[in-house]
Amino acid sequence: MESALQYSNKLLFACVILLIASCGEKSALREVTYFFEEENRDWIVNATSGDNFLMTDSFRITQSFQMNNNSCYFTEGSSGILVFTTKRSFWEYHYQEFISNYGISFSLSLTAGDKPFGDNLYISLANTDFAYDLKHNTISRISTLFGARFKIRTDKGYEDDEPIYSTVELIGSLEIEGSVYKDILHFSFNDFNESWTEFTITDIFVAKQLGLVKYRYNNGIECFRK
Amino acid sequence: VKKLILIAFSTVLLYGCPPCDPVVVDFGPLPESALALVPYVNGQTYRFRHSEGLVINYTALRETRPEIHASRTCDFEHRFEINSTKLTPDYPVYTFMLEVSNPDSSHIDFDIWLRHNSFTLPSGSEFSHSLTYFDSVLIDDKYYFEVFRLRNQGYHFYRDSLTTDSIYYNYEYGILQINMTNGERFTIFE
């Protein structure tokens with residue numbers, strides 16, 4: 001009789017645990033939502049789907065980049081102890097993609113950061129991709145056809161796994177073909193150099209609110225906003 | 001009883017999945033006359049000049065592959081060939097794709113693709129409203145004969161986007177000229 005009672009108690013306890021664990025996803029002890037820093041919102045291009053901009057290259061060949069994706073939402077994640085969800089997190093996220101009439105793809109995304117990290121700006125142009133932490137002013141990842149390098153994220157910040165030689169410089173203004181563009185991010189690609197081809201993109205210039213304003217190929221040919 | 005159930009179940013199962021036995025129609029290999037619609041030779045290089053002066057080299061990759069179109073209801077299966085030509089540039093602009101196929105016995109399909117813009121060329125006597133025929137066209141001081149101009153019928157769906165307006169083609173030289181909507185051109189450069 002006593003063992004039956006003990007058995008039913010254990011069963012009841014297991015059921016309660018199972019019940020709590022099964023609805024843990026929606027019953028986290030804490031919910032946190034991370035938003036972009038206000039000054040970083042300007043990196044999002046001020047355009048809507050279907051909008052386009054023109055660029056011309058050193059040989060005066062023009063191409064049109066048209067926006068075909070402009071989506072913003074909150075990405076979701078959860079953490080916990082054993083089977084219990086103790087924290088649910090939401091990160092503000094915005095993704096934009098443009099494709100040129102000659103098939104060159106340019107995309108930009110902004111992801112809200114959580115401490116100790118800052119908002120993450122991810123830029124991709126024709127398979128040259130990099131992620132830039134706007135708080136720490138550091139490239140956290142590069143990803144190209146020739147390989148990828150990234151910094152390890154820890155509770156204290158970034159740790160170098162292997163050095164990233166590419167750089168980002170923030171420029172106040174830049175003159176291109178007689179037009180002055182403000183608040184420029186200049187990415188200079190300097191990794192996997194031994195694998196580069198003639199048309200590897202080595203420099204990318206992105207302006208706040210406008211997006212791509214200039215890029216340069218390894219052979220020196222430039223393409224700039226018209 | 002078990003045997004009876006098994007037999008009944010097997011019968012239903014077999015009856016429910018009749019083997020697909022379509023009528024197979026094989027249109028055979030593409031005739032030489034169809035292959036002659038495209039003048040490009042596999043492995044050769046062709047040149048085009050942009051209206052601002054840059055000369056771009058295109059390398060041709062041409063191959064024929066078998067294709068099967070089967071009906072969903074398992075009624076028929078058409079076997080034919082596709083001959084595709086890909087002209088790859090040495091500069092980041094359009095890659096040209098040309099495809100000739102014989103999907104049925106009545107006609108030959110012939111399409112040119114510049115990214116998402118497609119142009120259908122006449123392979124027989126049929127003409128579409130987007131196509132104009134010229135006895136001759138003067139391009140860079142040279143006359144080309146029996147030329148088709150094909151207009152892009154799709155670009156107005158894309159707001160103000162720069163794209164292809166029209167292309168000029170003849171069966172002897174292939175693509176003669178590509179006109180962009182902003183006035184820029186890519187012209188055959190011999």
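Just so it is clear: chains get the letters A, B, ... in the order the sequence lines come, proteins before strands, and each one is counted from 1. These numbers were taken from a predicted model, which means no experiment stands behind them.
- Using a 4.5 Å cut-off between heavy atoms, B:Y91 touches chain A through backbone and side chain atoms alike.
- Proximity to chain B (any heavy atom under 4.5 Å) is restricted, for A:D57, to the side chain, taken from C-beta onward.
- A:T62 and B:L162 get closest at one heavy-atom pair: O-CD2, 3.4 Å.
- Using non-hydrogen atoms only and a strict 4.5 Å limit, the part of residues 180-213 of chain A facing chain B consists of A:F199.
- Listed by sequence position, A:I99, A:S100, A:N101, A:Y102, A:G103, A:I104 are the residues of residues 98-119 of chain A in contact with chain B, using a 4.5 angstrom heavy-atom cutoff.
- Note that CD of A:Q63 and CG of B:N182 are 11.5 Å apart. Values are rounded to the nearest 0.5 Å.
- For A:Y122, the OH atom counts as densely surrounded, since its 6.0 Å shell holds more than 12 non-hydrogen atoms of other residues, nucleotides or ligands.
- Within a 6.0 Å radius of CD in B:E190, other residues, nucleotides and ligands contribute more than 12 heavy atoms.
- The environment of B:K86 atom NZ is sparse: at most 12 non-hydrogen atoms of other residues, nucleotides or ligands sit within 6.0 angstrom.
- For A:F65, no part sits under 4.5 Å from any heavy atom of chain B, backbone or side chain.
- Counting non-hydrogen atoms of neighbouring residues, nucleotides and ligands closer than 6.0 angstrom, the CZ atom of A:R141 reaches no more than 12 such neighbours.
- Around the CZ atom of B:F145, the shell of radius 6.0 Å holds more than 12 heavy atoms that belong to other residues, nucleotides or ligands.
- Contact between B:E184 and A:R60 at its shortest, heavy atoms only, is OE2-O, 3.6 Å.
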